[in-house]
Novice: 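Quick one: structure below, then a few questions.
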Amino acid sequence: MLAKLNSATVCGIIALPVTIEVNSVPSYPNGSSNMIIVGLPDSSVKESYSRIKAALANSGYKLPRQNVTVNLAPGDIRKEGTGFDLPIALGVLMANELVVGDRISRFMILGELSLDGSLQPIRGALPIAIKARELGYEGLIVPQQNVHEAAVVNRLKVYGAQTIQQVMDFFNGSDSLRPTVIDTRSEFFAHNEEFELDFSDVKGQENVKRAFEIAAAGGHNLIMVGPPGAGKSMMARRLPSILPPLTLAESLETTQIHSVAGKLKGETGLIYARPFQAPHHTVSQVALVGGGANPMPGEISLAHNGVLFLDELPEFSRAALEVLRQPLEDRKINVSRAKYSIDYPCNFMFVASMNPCPCGYYNHPTKHCQCTPGQIHKYLNKISGPLLDRIDIQIEIAPLSFEQLSRSKPGESSAVIRQRVIAARQRQEERYRECPGIHCNAQMTPALMRQYATPASQDMAMLRDVINRLQLSARAYDRILRLARTIADLEGTENIQTHHLAEAVGYRTLDRESWGESI
């Protein structure tokens, strides 16, 4: 007997529908049962037969000896993961007339089976739910651990099941499953103001806080150079608390990426706060940009609409750092391999920190540096000029004195800084409302820069002198103008003025040609 069910697989962050056809015929007398799965299944899909056989036996269903052929259509797309366990098992039960198939064609079904018949979570429930609604299915059945994630998609009935028995009873007419209903908007807006870390904990470092405020207001990349214990990591981890809140569309897009990567917790529907990814310096190229034998989003995509923080930047491998250059410009990454080509979004703020030398105390006011000039030069050369050129704000951090640390007065809170950042972002949103894909000054195109970021003639002459003296690149020139535009927006000024340019130029002191003088 032939049974047909609907399921899906994930390619990149997009779900693709999969039709599962199960054909069962009795085996020869005294013959053994077997299952053949066709349609480009990977190893985890091929292993499903053993899980299905044990799950059905432990659920009280001993099937007769039979030969089962499973076709996963379309046959030219590779099928990965364990999410096909549940629909294949239901197909086998339908073929043996143990499940009524009258309504099953109106549902999309996914789930991994344990040997006792319970369901385990899958990756990509959210993009699959979006695809199910797009294709007009009545409902989606997923493991209970994924139901909160998938139920954020409205106009789709999402059912969470704990065992295969519950799913069987549901299709056989029982009320064993109830759809999960979530008020997505109210839940989202109730949580998007929650932060554990606050800039009020940071004492002193007012110039660095100012740099972070400018970076947040315009979406600019930032690097900090300073000795150990100066507060580089502390401030970087507080950056999400001053960034504008995620919009519902941004939250949905970000949640899809984390869903595909399997990073969502069981009770998490949407991601409410901007992501903060801080991979270890031993991270590989593939882990950073994504891909692999079973393609997965990398750290730069998990940081989409948020922050990617690389602490102790020179300790990362040169190869891993150089792959960041193209995503920083294009804000997306294309992972091309022999068997697949996938696009992942990666619109993130890049924040990095580093010591000025291997021992960390070069140019320290009280501690003596133990490094030779050659060691310092070799250490700084680990960061290539082209990568440094793509970082808008380059700021030095000095250590705090005891008097500064012992002050009990807290610093300015994140909430206060965030209000100024939001006001500046609103000016940018209004300015670029007719420009699709442009939301902040860091994303300005050359045409937009000519329109909104061209200083007066006398200021242009000053900027020309600075560019020639510091031997800055054309990209650095563009970064200075974008930065000056953001400073003007924070001030509420329509036109870029001299002091805006002067402050923007001050954040380029760590460029390759001037590092030796500025550190």
Side-chain angles (χ1 to χ4, degrees), residues 11-14 215 218-223 250 253-254 256-257 260-261 275-292 295-311 313-354 381-394 435-449 472-483 508 510-512:
C11 182
I13 62 169
I14 304 298
H220 302 287
N221 303 321
L222 179 147
I223 186 171
E250 287 177 330
E253 187 178 28
T254 305
Q256 284 187 68
I257 298 172
V260 169
F276 183 88
Q277 297 296 125
H280 192 260
H281 65 260
T282 56
V283 66
S284 67
Q285 289 177 258
V286 173
L288 200 58
V289 303
M296 295 276 287
E299 292 288 335
I300 62 175
S301 294
L302 293 173
H304 182 60
N305 291 323
V307 178
L308 177 69
F309 176 52
L310 301 188
D311 199 6
L313 191 65
E315 301 302 327
F316 287 78
S317 70
R318 183 68 175 258
L321 291 180
E322 292 307 302
V323 299
L324 289 175
R325 287 158 56 176
Q326 180 260 339
L328 284 173
E329 289 289 328
D330 298 343
R331 303 183 184 274
K332 65 179 180 179
I333 181 72
N334 176 263
V335 181
S336 296
R337 300 292 184 266
K339 295 182 178 180
Y340 62 82
S341 179
I342 295 174
D343 287 322
Y344 290 117
C346 56
N347 182 16
F348 60 92
M349 279 184 63
F350 177 55
V351 179
S353 70
M354 60 180 290
N381 273 339
K382 292 182 179 180
I383 312 301
S384 70
L387 178 60
L388 190 66
D389 218 23
R390 288 167 167 82
I391 301 176
D392 305 17
I393 299 178
Q394 304 158 357
C435 307
I438 307 296
H439 304 285
C440 60
N441 289 331
Q443 301 171 346
M444 275 197 295
T445 63
L448 290 174
M449 289 180 61
L472 300 180
S473 68
R475 183 181 286 112
Y477 166 77
D478 287 347
R479 303 277 175 183
I480 290 172
L481 292 181
R482 290 189 178 104
L483 208 55
R508 299 300 304 184
L510 300 185
D511 274 306
R512 174 63 60 189

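Quick caveat: nothing in here was measured; it's all calculated off a predicted structure.
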Novice: Within the structure provided, determine whether Asp389 and Arg508 are in side-chain contact (heavy-atom separation under 4.5 Å).
Specialist: yes
Novice: Any side-chain heavy-atom pair from Asp478 and Pro446 closer than 4.5 angstrom?
Specialist: no
Novice: Can you tell me how far the CG atom of Leu313 sits from the CG atom of Leu324, to the nearest 0.5 Å?
Specialist: 8.5 Å
Novice: Looking only at heavy atoms, what is the nearest atom pair of Pro279 and Phe309, with distance?
Specialist: CD-O, 3.7 Å
Novice: Is the shortest side-chain heavy-atom distance between Ser301 and Ile333 below 4.5 Å?
Specialist: yes
Novice: Using side-chain heavy atoms (C-beta onward) and a distance below 4.5 Å, is Asp330 in contact with Cys346?
Specialist: no
Novice: Write down the atom of Met354, the atom of Pro314, and the distance for their closest heavy-atom approach.
Specialist: CB-CD, 3.5 Å
Novice: Can you tell me how far apart CG (Leu388) and CD1 (Ile223) are? Round to the nearest 0.5 Å.
Specialist: 6.0 Å
Novice: State, with a plain yes or no, whether a side-chain heavy atom of Arg331 is found less than 4.5 Å away from one of Gln443.
Specialist: yes
Novice: Rounded to the nearest 0.5 Å, how far does CG of Leu483 lie from NE2 of His220?
Specialist: 5.0 Å
Novice: Check Ile342 against Gly12 and note the closest heavy-atom contact, atom names and distance.
Specialist: CG2-CA, 3.3 Å
Novice: Is the closest side-chain heavy-atom distance between Leu310 and Phe350 below 4.5 Å?
Specialist: yes
Novice: Report the residues that fulfil side-chain hydrogen bond (donor to acceptor under 3.5 Å, both in side chains) with His280, sequence neighbours left out, ordered by chain and then residue number.
Specialist: Thr282
Novice: Roughly how far, to the nearest 0.5 Å, is CZ of Phe348 from OG1 of Thr254?
Specialist: 13.5 Å
Novice: CD1 of Ile383 to CG of Leu321: how many Å apart, nearest 0.5 Å?
Specialist: 5.5 Å
Novice: What is the minimum heavy-atom distance between Ser384 and Glu322, and which atoms define it?
Specialist: OG-OE2, 2.7 Å
Novice: Mind listing the closest non-hydrogen atom pair of Gly292 and Val286 along with its distance?
Specialist: N-CG1, 3.7 Å
Novice: Looking at every non-hydrogen atom in both residues, tell me the closest pair between Pro345 and His304 and how far apart they are.
Specialist: CB-CE1, 3.6 Å
Novice: For Arg390, is there any backbone N or O sitting under 3.5 Å from a side-chain donor or acceptor partner on Asn221?
Specialist: yes
Novice: To the nearest 0.5 Å, tell me how far Gln326 CD sits from Ile300 CD1.
Specialist: 8.0 Å
Novice: Residues two or more places apart in sequence or in another chain: which of them pass side-chain hydrogen bond (donor to acceptor under 3.5 Å, both in side chains) with Arg479?
Specialist: Glu329, Asp392
